[in-house]
Student: 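Structure in structure tokens, see below.
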Amino acid sequence: MDKFAKFTQSVSTSWTPFANKVGSSFTQYKQMATESLGSAQVTELPRDYSELEARYEAVRRTVQALVRQSTQYAASQSSFDVQAQLATLTTRMGKQTRDASGPREVPTEQHEMGRTALTAAEPIGLEAPLGAALFKFGSIETKVGDLRRTHNTHIERSFISPLQDMLDTSMGLAQNARKHVQAMRLTLDARKAALQGAGAGQLDGVRREVEHAEDAFVEAVSEAMRVMRAVVESPVLVACVGEIVKAQKVFYKEAAELLAELEPEIEEIKVTQDALYRHDNPAM
């Protein structure tokens, strides 16, 4: 009997927090249902809170979009690389794992175009104008691909990573804080509704519950405003924009310099080919 008594006491003790949590959630869901029917008074959120929340939400959606778009941009790999990645996947003991050949550099679209030009140059002949032009273009395009790979790495490290960290940490805290505000608001309104229907013998107890709910609501609003303001005013966002501007400036500048060196060489080959063509086709 003593063992059974201790067991039932232990179960009761461990069950109480869970039961309280379930009871609180039920109260909030019931209040939500009542509000959806339009038959309940709803406590308005402070104006400062609503304005800050709108600013925060705009920032959050912008960061999400920037991370999504920049991830696609920085991961712009060639179709050749996609095929190569599929080839490295092997099935071992019913599970797909990557081949243990170690990491390799990911070719870009510029690398693939350069590879195509270089591959075509040899059978056409480097002594032929077209073969020479393809060889020079392929060589420069490969160098541009190297620049693009460095560019992508810079964006991943200095733009995508810190923004994703914000989404996972400070914005994650803000999202939880916003949910907590709504939960405390629902609880408060449920307590207010209970007060209106309370009997004379229940008034004091229900009134104390309303006061506690009001304190919890005010505290939740204050904390949510603190964490949302930390996101909105964070210097990380502007710093990240500066980093992607810097990365693009370097890439396009250096790529333009390489292509500027190539352009007159291609033009010279074109002049030579035009002359040869007119010589071999005088009637044209």
Side-chain angles (χ1 to χ4, degrees), residues 59 62-88 98-99 101-168 234-275:
V59 171
T62 299
V63 171
Q64 286 180 324
L66 288 174
V67 168
R68 181 176 62 254
Q69 293 164 1
S70 58
T71 298
Q72 294 173 350
Y73 173 80
S76 59
Q77 55 193 19
S78 67
S79 59
F80 177 88
D81 182 62
V82 173
Q83 296 172 5
Q85 287 186 17
L86 291 176
T88 60
R98 286 202 174 272
D99 186 68
S101 58
R104 65 185 186 84
E105 294 182 326
V106 178
T108 64
E109 294 174 349
Q110 289 83 3
H111 283 112
E112 183 174 0
M113 187 173 293
R115 184 186 300 111
T116 299
L118 291 172
T119 301
E122 185 175 355
I124 291 174
L126 298 182
E127 70 283 354
L130 177 57
L134 286 172
F135 179 80
K136 289 180 178 294
F137 170 71
S139 300
I140 292 299
E141 195 70 2
T142 299
K143 293 181 179 179
V144 174
D146 292 340
L147 293 176
R148 178 61 187 270
R149 180 187 290 142
T150 301
H151 172 61
N152 290 350
T153 300
H154 189 160
I155 290 177
E156 290 170 356
R157 182 181 64 251
S158 303
F159 186 78
I160 299 174
S161 181
L163 290 184
Q164 186 62 56
D165 285 344
M166 282 195 71
L167 287 172
D168 295 339
S234 173
V236 172
L237 298 172
V238 176
C240 286
V241 173
E243 287 296 330
I244 197 170
V245 169
K246 185 190 303 181
Q248 291 195 345
K249 182 189 72 173
V250 171
F251 168 67
Y252 288 116
K253 177 177 180 294
E254 295 183 354
E257 290 174 353
L258 288 173
L259 295 171
E261 293 177 4
L262 175 63
E263 185 178 15
E265 296 183 17
I266 299 298
E267 185 62 29
E268 183 179 348
I269 294 174
K270 178 178 178 297
V271 171
T272 300
Q273 186 178 31
D274 287 345

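These numbers were taken from a predicted model, which means no experiment stands behind them.
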Student: Compare every heavy atom of Gly114 with every heavy atom of Thr142, then report the nearest pair and how far apart it is.
Tutor: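 Here Thr142 and Gly114 meet closest at OG1-CA, 4.1 Å.
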Student: CG/Leu258 to CG/Leu147 distance, rounded to the nearest 0.5 angstrom?
Tutor: 5.5 Å
Student: Please enumerate all residues that pass ring pair (Phe, Tyr, Trp, His ring centres under 6.0 Å) together with His151, with sequence neighbours excluded.
Tutor: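 So His151 forms a ring pair (Phe, Tyr, Trp, His ring centres under 6.0 Å) with Tyr73, Phe251.
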Student: Begin with the C-alpha distance, continue with both residues' side-chain angles, and end with the deciding distance and a verdict on salt bridge (Lys or Arg N to Asp or Glu O under 4.0 Å) for Arg149 and Asp146.
Tutor: CA-CA 5 Å; Arg149 180 187 290 142; Asp146 292 340; 3.6 Å; yes
Student: Testing the basics here: between Ile269 and Pro129, what is the closest heavy-atom pair and its distance to 0.1 Å?
Tutor: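 Smallest heavy-atom distance, with atoms named: CG2-O, 3.3 Å.
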Student: Quick test of your reading: applying salt bridge (charged side-chain N to carboxylate O under 4.0 Å, His left out), list the pairs with at least one residue in residues 131-140, sequence neighbours left out, ordered by first then second residue.
Tutor: Lys136-Glu265
Student: Step by step, would you call Leu163 with Leu167 a side-chain contact (heavy atoms from CB on, under 4.5 Å)?
Tutor: CA-CA 6 Å; Leu163 290 184; Leu167 287 172; 5.9 Å; no
Student: Quick one: CG on Leu134 to CD on Glu122, what's the gap to the nearest 0.5 Å?
Tutor: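 Atom-to-atom, Leu134:CG and Glu122:CD are 12.5 Å apart.
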Student: Rounded to the nearest 0.5 Å, how far does CZ of Phe137 lie from CG of Leu118?
Tutor: 9.5 Å
Student: Output the distance between atom CG (Leu130) and atom CD1 (Ile124), rounded to the nearest 0.5 Å.
Tutor: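 Interatomic distance, Leu130 CG to Ile124 CD1, rounded to 0.5 Å: 4.0 Å.
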Student: Under the side chain to side chain contact (heavy atoms under 4.5 Å, CB included) test against Cys240, which residue among Pro162, Ser161, Ser234, Ser70 passes?
Tutor: Pro162
Student: Distance check, rounded to the nearest 0.5 Å: Thr150 atom OG1 versus Ile155 atom CD1?
Tutor: 11.5 Å
Student: Any Lys/Arg nitrogen of Glu112 or Arg115 sitting under 4.0 Å from an Asp/Glu carboxylate oxygen of the other?
Tutor: no
Student: Filter on salt bridge (charged side-chain N to carboxylate O under 4.0 Å, His left out), then keep only pairs touching residues 62-71, sequence neighbours left out; what's left?
Tutor: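 Non-adjacent pairs meeting salt bridge (charged side-chain N to carboxylate O under 4.0 Å, His left out): zero.
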Student: Do His154 and Val250 touch side chain to side chain, with heavy atoms closer than 4.5 Å?
Tutor: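 Result no, sub-4.5 Å side-chain heavy-atom pair not found.
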Student: Looking at CG of Leu259 and CD of Glu254, how far apart are the two atoms once the value is rounded to the nearest 0.5 Å?
Tutor: 12.0 Å
Student: Can you establish whether the number of heavy atoms outside Gln64 located under 6.0 Å from its atom CD is more than 12?
Tutor: yes
Student: Restricting to non-hydrogen atoms, name the atom on Glu141 and the atom on Gln110 that form the minimum distance, rounded to 0.1 Å.
Tutor: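 Taking every non-hydrogen atom into account, CG-O, 3.2 Å.
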Student: Looking only at side chains, do Glu156 and Asn152 share a donor and an acceptor under 3.5 Å apart?
Tutor: no
Student: Looking at Glu263, I want to see if its CD is surrounded by more than 12 non-hydrogen atoms of other residues, nucleotides or ligands under 6.0 Å.
Tutor: no
Student: List the atom of Ala74, the atom of Ile160, and the distance in Å for their closest heavy-atom pair.
Tutor: CB-CD1, 4.1 Å
Student: Locate the shortest heavy-atom distance separating Gly145 from Thr108; write the atom from each residue and the value.
Tutor: CA-OG1, 3.5 Å
